[in-house]
S.K.: 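Structure in structure tokens, see below.
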Amino acid sequence: MNKVTVFGSYVMDLTTLSPHIPVVGETVFSGPFKMGPGGKGFNQAVAARKAGSDVKFMTKIGKDLFAPFVKNAFDRFGITKEYLLESDTAGTGVALIIVDENNGNNAIAVAPEACNELTIDDVKRNRDIFTSSDVFLTQFEANLDATYEAIKLARDSGARVLLNPAPVKEFDHSILKYVDVIMPNEIEASLMTGIPLDGMDSIEEIASELKKSVDTVLITLGGKGVYCPSVNGGLVPACKVKTIDTTGAGDAFAGVFAAYLSRGEGLERAIDYARAGAAISTTRFGTSPSMPEREEIEALVNEMIGGDRK
């Protein structure tokens, strides 16, 4: 128990606070600027690691000026570099992030670069990472063919497969038969199903459509919480905190959820820990550095949710 494997992206986060998100053609004086470790895969791996799980993470970076920074970040967060692959032809991925200093909302452009060069052969050569985990977590920010292969290997080995289908893109929906839990946000879920967003009725309809392919559906709704039709009442509210930066909150949710699921927690309780972890992450600036420790998560759950839910 407690073994989590994450497959996906590492990108350098280049982030600035701004008075507002610029419109097309507008230049906005902003600051401060920060450079830090990121990528949905790395963020989720760090979230699971800090939440107390034994985590292995596979990604690919470039042999460039960012490489020493990346390796230092793996060491700093206690993530093994055994599955950190390097490309001879592509650079390390980059995310350009603008955060509205008034409300924490963000706009992000991601250039995956070396993450797109992860291959099926890379996955097969490192199959042990996928066949020795309790929970497998992945996203859509790396090469999709390699991602599909990793999903199949993990599922065939008996791992519980979690998919965070972000960023949303065209993909082979037949892969969903290997997925146990799907975790899109409301916009991603709407785009995946083709059902327009129009209040909670549409969220319920979208979830019903997704459940035709995946048994357990979690739709994250930002400040409104999480919708899960498998939980009594469906809507689980967000934990109320003073938000300064929402970047990475979805990754915090996914990583913390994976960690507690790997330790045998039930669905409802794992959601409680995940929404607490996501809330804490929004009270800090940045992505991976904002991920909370296990003690913080459990303290917030006990304080705001109650410690008796099983």
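Every value quoted in this text rests on a predicted model; they were computed, and no experiment measured them.
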S.K.: Dump the intermediate steps for side chain to side chain donor-acceptor pair (under 3.5 Å) on Asp172 and Ser174, then the final yes or no.
M.R.: CA-CA 5 Å; Asp172 182 358; Ser174 68; 2.7 Å; yes
S.K.: Both conditions, 6.0 Å and 45 degrees, for the charged tip of Arg263 above the ring of Tyr260: are they met here?
M.R.: yes
S.K.: Look up atom CD1 in Ile120 and atom CG in Asn143, then write down how far apart they are to the nearest 0.5 Å.
M.R.: 7.5 Å
S.K.: Checking the side chain of Thr59 only, and the main-chain atoms of Tyr10 only, is there a donor and an acceptor separated by less than 3.5 Å?
M.R.: yes
S.K.: Using ring centroids (six-membered ring only for Trp), state whether Phe257 and Tyr273 fall under 6.0 Å.
M.R.: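 No, too far apart.
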S.K.: Is it the case that the side chain of Gln44 and the backbone of Gly41 share a donor-acceptor pair, with hydrogens and angles ignored and the cut-off at 3.5 Å?
M.R.: no
S.K.: Relative to the ring of Phe77, is the ring of Phe42 parallel (under 30°), tilted (30 to 60°) or perpendicular (over 60°)?
M.R.: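 The rings of Phe42 and Phe77 stand perpendicular, inter-plane angle above 60°.
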S.K.: Let me confirm one number: the OG1-CD1 distance from Thr247 to Ile97, rounded to the nearest 0.5 Å.
M.R.: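 CD1 of Ile97 is found 5.5 Å from OG1 of Thr247.
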S.K.: Please name all residues satisfying salt bridge (charged side-chain N to carboxylate O under 4.0 Å, His left out) with Asp122, sequence neighbours left out, ordered by chain then number.
M.R.: Lys60, Arg125
S.K.: My understanding is that only one of Val11, Val94, Ile61 makes a side chain to side chain contact (heavy atoms under 4.5 Å, CB included) with Phe66; could you say which?
M.R.: Val94
S.K.: Please walk me through it: do Tyr83 and Asp128 pass side chain to side chain donor-acceptor pair (under 3.5 Å)?
M.R.: CA-CA 10 Å; Tyr83 306 96; Asp128 61 296; 2.6 Å; yes
S.K.: Strictly below 4.0 Å, N to O, side chains only: are Lys71 and Glu86 in salt-bridge contact?
M.R.: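 Yes, this pair counts.
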S.K.: Any sub-3.5 Å donor-acceptor pair from Ser190's side-chain atoms to Ile195's backbone N or O?
M.R.: yes
S.K.: Whether the side chain of Thr5 engages the backbone of Ser133 through a donor-acceptor N/O pair (distance < 3.5 Å, no angle test) should be reported.
M.R.: no
S.K.: For Thr193 and Glu209: C-alpha separation, side-chain torsions, deciding distance, then whether side chain to side chain donor-acceptor pair (under 3.5 Å) applies.
M.R.: CA-CA 7 Å; Thr193 60; Glu209 185 64 25; over 6 Å; no
S.K.: How long is the span from the CG atom in Leu191 to the CD1 atom in Ile206, to the nearest 0.5 Å?
M.R.: 9.0 Å
S.K.: Please answer whether the main-chain N or O of Pro68 pairs with a side-chain N or O of Asn72 as donor and acceptor at a distance below 3.5 Å.
M.R.: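 No, Asn72 side chain to Pro68 backbone: no donor-acceptor pair under 3.5 Å.
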S.K.: Consider side chain to side chain contact (heavy atoms under 4.5 Å, CB included). Of Val135, Asp54, Val55, which one does Lys3 pass it with?
M.R.: Asp54
S.K.: At what distance, to the nearest 0.5 angstrom, does CE of Met183 lie from CD of Gln139?
M.R.: 9.0 Å
S.K.: What I want to find out is whether Asp88 reaches Lys63 closely enough, with some N-O distance under 4.0 Å, to be called a salt bridge.
M.R.: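 Result for this pair is yes, salt bridge flagged.
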S.K.: So, Asp75 and Lys81, do they make that salt bridge, N to O below 4.0 Å?
M.R.: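 Answer for the salt bridge query: yes.
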S.K.: Verify side chain to side chain donor-acceptor pair (under 3.5 Å) between Thr220 and Asn185, making sure each step is shown before the conclusion.
M.R.: CA-CA 4 Å; Thr220 56; Asn185 66 26; 5.4 Å; no
